[in-house]
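Letters go in sequence order (proteins before strands), and every chain restarts at 1. Reckoned from all heavy atoms, side chains included, excluding hydrogens, waters and symmetry mates.
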Amino acid sequence: MRLPNRTPNIPRMPLPATITPAPRGHLWGYLIAAGFMALIAALSLTIRENYPFSHFPMYGNPNSRPVDYYFLTDGSGEPLPVAALTGETAPRIKKRMLTQEFKYVKDHHLKDRTAIPPEIITEIRTRVLSGFVTQARSRGSSLPAEIQLWKGLIHQQDQGYSESFEQEAAVNTAASPPP
Amino acid sequence: MTAHLRGLLNRIPPVRLVGSTEALVQRILLAAILWGVFSGPPLPYPDLPEPVGLARWSSLWQSLGWDLSRFSDPHVWSTTRTIVSITLVAYVAGLGLPIAVPILALLHIGIRTVVNSQGAPHHGHQILSLVLIAQWLVLWACAAARLIARLHSDSPPPWAQPKRVHSWIWLYSIAAAAITYPVSVATKLEVSRGKWLENSHYVAAQIVKTNRQGYYNSLDPSLLRGVPLARASSDNPAHDRYRYPVPVQAAWLKDHRSLAQTLFGIGFLLEACAGLAILSRWFAFWIGLGFVILHTSIGWLMALYFPLNEWIMAIYFLNAAGWIAAFRSRELPRPATTTWIAATILTSAAFAASALPSLSPTATGMLRVAIAPASSLSAILSPVCPASLAPLNLALGFIFQTVITTVAFSGLLSAWRHLTSRFRPSTPAL
């Protein structure tokens with residue numbers, strides 16, 4: 001018996017235009033570099049603020065709450081140049097207070113910083129301010145008789161920005177202990 | 001899918017060979033940064049009230065007869081600077097790198113650990129320490145492979161050949177610097193519970209804050225320009241003397257919420273994608289250029305500066321010496337003469353305009369962003385460049401900026417040609 005001389009109507013699978021070769025060996029160099037990056041990322045996010053690692057928390061949570069900052073004045077309320085006086089930048093005032101407040105929260109098993117008693121907050125702020133005064137004195141800076149610590153609060157509203165201020169602490173530079 | 005992935009992977013070029021001249025330029029620039037870091041006075045911190053990192057292992061340091069706070073001792077600081085000077089000379093000359101780099105890394109980590117152990121963590125130096133650690137690991141890995149090969153009377157593996165070491169140093173320096181940004185993205189997402197982008201327009205209030213902090217650092221009145229504050233009925237009039245104008249850019253971003261979210265979103269995306277910089281010199285270039293512009297813009301908007309980040313980007317990501325070497329060796333097609341001329345004219349115009357005294361603060365800020373690479377290079381070299389050589393430093397910044405602009409134009413032109421060739425209607429076969 002003779003089979004009909006016809007091409008069977010079998011659907012054809014599309015063939016790739018080019019055959020893709022297997023990844024080349026040089027990719028190992030990148031893979032190990034990627035592994036190194038993953039290791040640094042894991043360490044940074046796990047051990048956090050332990051130099052040279054950090055999880056870089058700054059500006060991590062923008063929200064509608066007022067933004068606070070701190071500055072120093074003399075006894076009459078005239079602003080003082082923090083960097084020239086103490087050798088530190090103004091943001092470090094807040095950072096030092098936060099570090100001490102978080103430490104207090106951890107040591108006393110509190111929920112968060114809002115649970116710290118007001119007198120402890122005042123004590124922490126006075127201690128931080130005294131530390132800056134000590135540092136300024138060790139730099140040989142000329143100090144006014146009294147240094148005050150002020151907090152500024154920036155409110156971002158639809159009608160614009162407004163600011164409110166509170167005096168947080170004051171230190172008598174003549175009476176504070178020498179370094 | 002697998003075929004597509006393989007195709008993509010195969011398009012990643014091999015890790016490029018970094019030549020000795022390019023590596024020398026990178027070492028000179030990194031050494032200049034390190035010299036600047038160690039050229040200051042002794043650290044003003046006689047104790048470590050809130051120890052972090054290595055400072056937490058106080059018992060280890062005591063058993064070794066050392067205390068990190070001794071960096072504040074003028075004699076120790078003087079000795080440290082002598083060690084750093086000698087080590088930097090060896091580093092630049094490429095001599096004894098497996099010893100020089102760990103010394104530099106440990107000293108840099110040591111002094112910055114002391115600074116960060118004062119209860120106010122600073123985030124400007126981690127990138128440099130991590131780059132030094134990366135270089136240290138590369139040098140020791142290559143040295144160990146060569147040593148093992150020698151002990152077995154064998155030839156070292158190709159990846160540990162001396163000529164490859166510069167390439168790994170370049171790649172891993174980029175990796176160490178780049179990964180700090182995705183870490184920041186992960187933290188943003190964690191602490192904002194995934195709402196960072198949605199709430200990013202509130203960063204505008206942080207611009208007011210950082211400008212206020214900048215003012216109270218030095219009482220520089222130029223940081224008080226802007227639009228008047230709104231007045232709440234509850235405000236205490238006695239405090240009016242602290243109610244300074246708000247920076248124009250903060251007021252503008254507050255009034256343009258969607259645009260603010262878009263702008264901050266671009267920065268967020270750039271940070272998230274920073275790790276891609278290891279994939280090729282082009283990825284490194286565009287991501288590095290993006291970060292130099294981002295950091296300069298943040299400096300302009302927020303008076304918040306991360307110079308080391310910018311400088312590391314300029315050295316390893318933008319890497320002008322690498323581009324010149326690639327053009328000279330014809331590893332990459334040389335840019336057309338017209339591209340060089342256009343880049344030179346544009347750079348000259350930007351330099352000339354930035355020197356004009358009557359510019360508005362906005363125009364000055366935008367020009368500063370435009371010539372950010374030049375400023376970065378000049379700032380890197382300034383600690384090692386005497387005042388009498390300031391014009392030379394300026395000229396080097398100009399050349400650097402011209403090279404970067406030319407490379408950017410070339411990249412954009414080739415991307416345009418590639419796109420137009422893809423979408424051009426195909427000519428029917430005859």
[X] portion near chain B, given a 4.5 angstrom heavy-atom threshold:
{"X": "A:Gln157", "answer": "backbone"}
{"X": "A:Thr86", "answer": "neither"}
{"X": "A:Leu80", "answer": "backbone"}

For chain A, find which of [options] contributes the most heavy-atom pairs closer than 4.5 angstrom.
{"options": "B:Ala186, B:Ala120, B:Gly53", "result": "B:Ala120"}
{"options": "B:Thr187, B:Val52, B:Asp255", "result": "B:Thr187"}
{"options": "B:Arg241, B:Glu190, B:Lys188", "result": "B:Arg241"}
{"options": "B:Gly214, B:Ser192, B:Ser218", "result": "B:Ser192"}
{"options": "B:Asn116, B:Val208, B:Val203", "result": "B:Val208"}
{"options": "B:Leu229, B:Asn217, B:Leu54", "result": "B:Asn217"}

Given a strict heavy-atom distance threshold of 4.5 Å, which part of [X] is in contact with chain A: side chain, backbone, both, or neither?
{"X": "B:Trp159", "answer": "neither"}
{"X": "B:Ile127", "answer": "neither"}
{"X": "B:Ser184", "answer": "both"}
{"X": "B:Ser167", "answer": "neither"}
{"X": "B:Leu304", "answer": "side chain"}
{"X": "B:Ala204", "answer": "both"}
{"X": "B:Ala55", "answer": "neither"}
{"X": "B:Ser200", "answer": "backbone"}
{"X": "B:Arg193", "answer": "neither"}

Work out which heavy atom in [X] is nearest to a heavy atom in [Y]; give both atom names and the distance.
{"X": "A:Pro79", "Y": "B:Tyr216", "value": "CB-CE2, 3.7 Å"}
{"X": "B:Tyr45", "Y": "A:Gln135", "value": "CE2-NE2, 3.9 Å"}
{"X": "A:Phe165", "Y": "B:His239", "value": "O-CE1, 3.3 Å"}
{"X": "B:Ile278", "Y": "A:Ala33", "value": "CD1-CB, 4.0 Å"}

Interface residue of largest heavy-atom contact number with chain B, from [options], under 4.5 Å:
{"options": "A:Ala42, A:Ser44, A:Gly131, A:Pro91", "value": "A:Pro91"}
{"options": "A:His155, A:Glu88, A:Gln159", "value": "A:Glu88"}
{"options": "A:Ser76, A:Ala84, A:Gly152", "value": "A:Ser76"}
{"options": "A:Gly77, A:Ser164, A:Ala34", "value": "A:Gly77"}

Output a table of donor-acceptor pairs, distance under 3.5 Å, between side-chain atoms of residues 56-67 of chain A and any protein atom two or more places apart or on a different chain; print 'none' if there are none.
| unit_1 | atom_1 | unit_2 | atom_2 | d |
| --- | --- | --- | --- | --- |
| A:Asn63 | OD1 | A:Arg65 | N | 3.0 |
| A:Asn63 | ND2 | A:Asn61 | O | 3.0 |

With side chains defined as the heavy atoms from C-beta onward, is the minimum distance between [X] and [Y] less than 4.5 Å?
{"X": "B:Pro121", "Y": "A:Thr99", "answer": "yes"}
{"X": "A:Phe71", "Y": "B:Tyr242", "answer": "yes"}
{"X": "B:Glu50", "Y": "A:Arg96", "answer": "no"}
{"X": "B:Ile179", "Y": "A:Phe36", "answer": "no"}

Check: A:Asp158 main-chain N/O paired with B:Lys254 side-chain donor or acceptor under 3.5 Å: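 Checking the backbone N and O of A:Asp158 against the side chain of B:Lys254, a donor-acceptor pair under 3.5 Å is found.
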
Any donor-acceptor N/O pair, A:Glu163 side chain to B:Arg243 backbone, under 3.5 Å: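 No: the side chain of A:Glu163 does not pair with the backbone of B:Arg243.
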
Chain B neighbours within residues 100-117 of chain A, where any heavy atom lies under 4.5 Å away: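 Heavy-atom contacts from residues 100-117 of chain A to chain B are A:Gln100, A:Lys103.
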
Per-residue contacts, residues 48-55 of chain A versus chain B, heavy atoms under 4.5 Å: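 Listed by number, the contacting residues are A:Arg48, A:Glu49, A:Asn50, A:Tyr51, A:Pro52, A:Phe53, A:Ser54, A:His55.
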
Intermediate values then yes/no, side chain to side chain contact (heavy atoms under 4.5 Å, CB included), A:Tyr30 and B:Leu171: CA-CA 9 Å; A:Tyr30 291 107; B:Leu171 182 74; 4.3 Å; yes

Check against side chain to side chain contact (heavy atoms under 4.5 Å, CB included), B:Gln118 and A:Lys95: CA-CA 10 Å; B:Gln118 303 303 313; A:Lys95 284 183 179 179; over 6 Å; no

Residue-level interface, residues 245-252 of chain B with chain A, non-hydrogen cut-off under 4.5 Å: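 The stretch touches chain A at B:Val246, B:Ala250, B:Ala251.
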
